[in-house]
Amino acid sequence: MGWLQNVDHQILLWIADTLRVGWMTHVQAILSAINNHGEIWMLIALVLLIRPKTRRCGMAMLLALLLGLLAGNLILKPWVARPRPFLTYPDIAALSHPGGFSFPTGHTVSSFCAATACFGYFRRAGIGCYVLAALIGFSRLYLGVHYPSDVLCGAVLGILLGCIAVWLVERVCDGIHFQRIRR
């Protein structure tokens with residue numbers, strides 16, 4: 001795992017040395033802040049719940065977010081207990097200092113959970129959500145609060161959990177629909 005830690009460290013140094021500029025720092029801070037607790041995705045999901053045509057998508061997004069919270073923040077983070085990059089490497093200048101552990105990044109898990117759930121119902125909107133999810137994941141690297149492997153694993157976990165959420169919502173909704181027909 002030493003080679004992975006070294007690659008993570010080198011990528012973070014490159015981002016800090018090459019990409020950090022004043023206006024970009026402000027943009028990245030906003031991208032990160034809109035998903036501090038999954039707010040942007042919960043808001044989108046709640047709006048989708050209003051219309052019957054988009055209701056299943058909203059349910060899948062909320063379920064995916066719940067699965068991401070359980071798997072990422074409540075199980076994996078304490079189990080892996082990976083310190084944040086700015087605690088391990090003094091040469092990584094973090095632009096914010098969140099508490100807790102680094103792996104996986106909750107911002108990225110929740111973003112890819114919600115984006116995958118959206119993509120499962122609406123391809124075009126899902127692609128837009130994936131772009132936003134990737135930008136949010138990158139913001140965590142830019143701010144120096146996560147390793148690239150945290151973001152990559154968070155994205156993979158989020159995609160997996162988003163697929164599971166879509167599958168579960170479809171099974172439950174189809175089961176309920178079948179029960180209505182039988183009556």
Taking a hydrophobic cluster as the set of Ile, Leu, Val, Met, Phe, Trp and Tyr residues connected by side-chain heavy atoms closer than 4.5 Å, whether directly or through intermediates, do [X] and [Y] fall within one such cluster?
| X | Y | answer |
| --- | --- | --- |
| Ile50 | Met61 | no |
| Leu19 | Leu152 | no |
| Val47 | Met42 | no |
| Leu43 | Val109 | no |
| Ile127 | Leu132 | no |

Quick one: pull up [atom1] in [X] and [atom2] in [Y] and give me the separation to the nearest 0.5 Å.
| X | Y | atom1 | atom2 | value |
| --- | --- | --- | --- | --- |
| Leu65 | Ile44 | CG | CD1 | 10.0 Å |
| Leu74 | Leu69 | CG | CG | 4.5 Å |
| Leu135 | Leu31 | CG | CG | 5.5 Å |
| Gln10 | Ile15 | CD | CD1 | 11.5 Å |
| Ile136 | Gln28 | CD1 | CD | 10.5 Å |
| Ile159 | Cys113 | CD1 | SG | 9.5 Å |

N/O donor-acceptor pair under 3.5 Å between [X] side chain and [Y] backbone:
| X | Y | result |
| --- | --- | --- |
| Ser111 | Thr108 | no |
| Lys77 | Gly100 | no |
| Asp150 | Tyr147 | yes |
| Ser110 | His107 | yes |
| Thr54 | Leu48 | yes |

Report the C-alpha distance between Cys129 and Trp41 in whole Å, list the side-chain angles of each, state the deciding distance to 0.1 Å, and finish with yes or no for side chain to side chain contact (heavy atoms under 4.5 Å, CB included). CA-CA 9 Å; Cys129 288; Trp41 303 113; 3.7 Å; yes
Under 4.5 Å between any side-chain heavy atoms of [X] and [Y], yes or no?
| X | Y | answer |
| --- | --- | --- |
| Trp167 | Val172 | no |
| Arg123 | Cys118 | no |
| Leu141 | Pro148 | yes |
| Val151 | Phe138 | no |
| Val80 | Phe101 | no |
| Leu62 | Met59 | no |
| Val156 | Leu160 | no |
| Ser102 | Pro85 | yes |

I would like to know whether Tyr130 and Thr116 meet side chain to side chain contact (heavy atoms under 4.5 Å, CB included); could you show each step before the answer? CA-CA 7 Å; Tyr130 274 131; Thr116 300; 2.8 Å; yes
Looking at Glu170, Arg56, Arg55, which one forms a side-chain hydrogen bond (donor to acceptor under 3.5 Å, both in side chains) with Tyr121?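 Result: among Glu170, Arg56, Arg55, Glu170 is the only option passing the side-chain hydrogen bond (donor to acceptor under 3.5 Å, both in side chains) with Tyr121.
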Closest contact, heavy atoms only, [X] versus [Y]:
| X | Y | value |
| --- | --- | --- |
| Arg140 | Ser32 | NH1-OG, 2.5 Å |
| Gly68 | Leu161 | CA-CD1, 3.7 Å |
| Val145 | Arg84 | O-NH1, 2.9 Å |
| Cys57 | Ala117 | SG-O, 4.2 Å |
| Leu67 | Ile164 | CD1-CG2, 4.1 Å |
| Pro104 | Leu76 | CD-CB, 3.7 Å |

Pairs in or reaching into residues 5-38: which pass ring-ring contact (aromatic ring centres under 6.0 Å, His included), with residues at least two apart or in two chains?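 Only His9-Tyr89 qualify under ring-ring contact (aromatic ring centres under 6.0 Å, His included).
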